Novice: 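If you scroll down you'll find the structure; I have some questions about it.
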Amino acid sequence: MDGLLEAPLSSPKRLVCVNFPGFVNNPSRAVEVLGGESKISRVFNNPNYRLEAHLRPKDVESIPLYATRTHCCGVVLKVRRRKTPPPEGSEEQAATVEVVGCVTIKYEFSGLADFQYLPAAVVSNPVAPASYLHATSICEPLSSAALVETDFLHIPSFLYCRSDRPLTFRAYTKPRVDRPVSAQFIPYSEDSVPLAPIKPYNHFFTPTFEKMFEERPVWSTQAFYNSLIQRVGRKVSRVVIKKINKTLAYMFSSGPWRLCWVKRGYDPRTDPDACKYQVLDFRSKRSVYRGKPEKVRPQRLASMIGPTLAKPASQSSTVSLVRNTDVTEQAHADDLESHVYQLGKRVNQGQKLFQVCDVMLDDVQDKMASGKVGACTEKDGWLSSGTMDSMRVLLTHHVQEADMKDSAETLTSSTT
């Protein structure tokens, strides 16, 4: 057919298309903006990586633009047109076409560029603005003399936009409603405590609650919940517990009995025996409690800023639905004793509140017996200064020993 050009297509090269966010006058400069040949090659070989474009590659605060990898179907043609028309009667064509390669992968910068932060000072010598690089360096702290010598102080921004695409913002104008069920909190500095119980909440568990407070006037929330389940033989809604305890007890917002249910009319600040109910705030690093399952991170959205995309879920992963009765019963028993610490027990939480009477360690109980004083303070309660810190150190030491012992047993069983 007249007007059509034919080009042979035999084993064409596979090419990758990059929609560069700008006009390319210098190809080497464009490659530098994209991170260099090594980084471009690494991105091309990994489908989960995004291609970054730093408009100012040498600037430490250059916020990159991200390109997403997509599949396409295209052909790159090289067309040559003659400057002079071919002579009449000649079979030569006015243009020739050559297939360079096929394009199956495309990187497109479809997002928006974030705000670019630049120094807002006029440099006396624009040829060599060394003061900007010196001021933005955070590797070494600047002395007072260096701050005076520099032309300006430019503090880098520590947070940028998390998305490079417009998001729908829905304003929530409804005011927050106070929680209908909440305990009565009082600070430690309050002189008086709530007296006799108010009208009790009408529930068939109310007599059980009253009996528990007669036996023990101060309960941690977890200890009260576990003991209640052991007494009634089934789980109880925490909302019901709050409704009943709101009429029978109160809480301290600070002090050695903070966040504990305290019987109305009972003031632990006037009872030296209340030192056994004081709260021992146990905190530990993640390396100590390795038994805690790792949290599932939310999947990264397509518009989230970042050099990588969310990896697809494995199709071969399966979930076992077979229940082991022995394991389930043992786990349930451990949950009912989660407020008690015994020798050799592991703590699967980074922070946990224990009452001193629930820590079944001889050295901790001896510390409490020998550290009693005649005055109550907000930090240490009825114990001498530093006693609570010493008991916390002893508890942490026992938890670390239990963790290392369990890790060694696991390693031994895996090797055998």
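The structure presented is a predicted model; accordingly, all values stated were derived computationally and were not measured. These numbers come from the heavy atoms of this one structure, side chains and all, not from hydrogens, waters or symmetry mates.
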Novice: Give me the ring orientation class for F209 and F205: parallel if the planes are under 30° apart, tilted from 30 to 60°, perpendicular past 60°.
Specialist: parallel
Novice: Ion pair present between R283 and D281, side-chain N to carboxylate O less than 4.0 angstrom?
Specialist: yes
Novice: Is it true that atom CG of D191 has more than 12 heavy atoms of other residues, nucleotides or ligands lying nearer than 6.0 Å?
Specialist: no
Novice: Cation-pi check, R392 to F282: give yes when NZ or CZ is under 6.0 Å from the six-membered ring centre and within 45° of the ring axis, no otherwise.
Specialist: no
Novice: Does one side chain, of D358 or H339, offer a donor that lies under 3.5 Å from an acceptor on the other?
Specialist: no
Novice: Examine the side chains of E52 and H54 and answer whether a donor and an acceptor come within less than 3.5 Å of each other.
Specialist: yes
Novice: Return yes if some donor-acceptor pair links the side-chain N/O of T70 with the main-chain N/O of K106 below 3.5 Å, else return no.
Specialist: yes
Novice: Flag the pair E214 and K263 as a salt bridge only when some basic side-chain nitrogen lies within less than 4.0 angstrom of an acidic carboxylate oxygen.
Specialist: yes
Novice: Mark yes or no for whether T206, through its side chain, and H203, through its backbone, hold a donor-acceptor pair below 3.5 Å.
Specialist: yes
Novice: Any idea how W257 and Y188 line up, ring-wise: parallel (<30°), tilted (30 to 60°), or perpendicular (>60°)?
Specialist: parallel
Novice: Of all heavy-atom pairs between P57 and V33, which one has the smallest distance, and what is that distance?
Specialist: CG-CA, 4.1 Å
Novice: For the backbone of V24 and the side chain of R29, can you confirm whether one donor and one acceptor N or O come within less than 3.5 Å of each other?
Specialist: no
Novice: Under the criterion side-chain contact (heavy atoms from CB on, under 4.5 Å), which of S370, S390, C275, P256 is the partner of L383?
Specialist: C275
Novice: Measure from the side-chain N and O atoms of Q278 to the backbone N and O of G255, and report whether any donor-acceptor pair falls under 3.5 Å.
Specialist: no
Novice: Just by distance, no angles: are the side chains of T387 and S384 close enough, under 3.5 Å, to form a donor-acceptor pair?
Specialist: yes
Novice: Can a donor-acceptor pair be found, under 3.5 Å and without considering hydrogens, that links the side chain of T270 to the backbone of D267?
Specialist: yes
Novice: Between Y250 and V193, is there a side-chain heavy-atom distance shorter than 4.5 Å?
Specialist: yes
Novice: Could you pull out the closest heavy-atom pair between V262 and F213, with the gap in Å?
Specialist: C-CE2, 4.5 Å
Novice: Kindly compute the distance separating CH2 (W382) from CE (M368), expressed to the nearest 0.5 Å.
Specialist: 14.5 Å
Novice: Consider only side-chain N and O atoms of N226 and Q222, and report whether a donor and an acceptor are under 3.5 Å apart.
Specialist: yes
Novice: Does H397 reach the side chain of E401, with side-chain heavy atoms less than 4.5 Å apart?
Specialist: yes
Novice: Relative to F354, does K352 satisfy both conditions: NZ or CZ under 6.0 angstrom from the six-membered ring centre, and within 45 degrees of the ring's axis?
Specialist: yes
Novice: Closest heavy-atom contact between K39 and L34?
Specialist: CD-O, 4.4 Å
Novice: Compare all side-chain heavy atoms of Y341 with those of V364 and state whether any distance is below 4.5 angstrom.
Specialist: no
Novice: Have Y266 and D271 got a donor and an acceptor in their side chains that come within less than 3.5 Å?
Specialist: yes
Novice: After noting the C-alpha distance and the side-chain angles of E32 and K58, does the key distance pass the side-chain contact (heavy atoms from CB on, under 4.5 Å) rule?
Specialist: CA-CA 10 Å; E32 183 183 0; K58 297 182 180 180; 4.0 Å; yes
Novice: For F204 and P207, which heavy atoms make the closest approach, and how far apart are they?
Specialist: O-CD, 3.7 Å
Novice: Can you tell me if N19 has over 12 outside heavy atoms packed within less than 6.0 Å of its CG?
Specialist: yes
Novice: Does CD belonging to Q342 count more than 12 external heavy atoms closer than 6.0 Å?
Specialist: no
Novice: Taking the side chain as every heavy atom from C-beta outward, state whether V76 and V103 have any atom pair closer than 4.5 Å.
Specialist: yes
Novice: I'd like to know if the side chain of K345 and the backbone of A402 have a donor-acceptor N/O pair within less than 3.5 Å.
Specialist: no
Novice: Is the NZ atom of K372 crowded by more than 12 outside heavy atoms at less than 6.0 Å?
Specialist: yes
Novice: Quick one: are L353 and L280 in side-chain contact, heavy atoms under 4.5 Å?
Specialist: no
Novice: Would you mind checking if K13 and E98 are paired as a salt bridge, meaning a charged N to carboxylate O distance below 4.0 Å?
Specialist: no
Novice: I'd like to know if the side chain of R216 pairs up with that of Q355 as donor and acceptor (distance under 3.5 Å, no hydrogens or angles considered).
Specialist: yes
Novice: Would you say that more than 12 heavy atoms from the other residues, nucleotides or ligands in this model lie under 6.0 Å from the CD of E37, or not?
Specialist: no
Novice: Has the side chain of R69 got a donor or acceptor atom that lies under 3.5 Å from a matching backbone atom of E108?
Specialist: no
Novice: Where is the tightest heavy-atom contact between L77 and V75, given as atom of each residue plus distance?
Specialist: CD2-CG1, 3.6 Å
Novice: Give the minimum heavy-atom separation between G101 and L15, together with the two atoms involved.
Specialist: CA-CD1, 4.0 Å
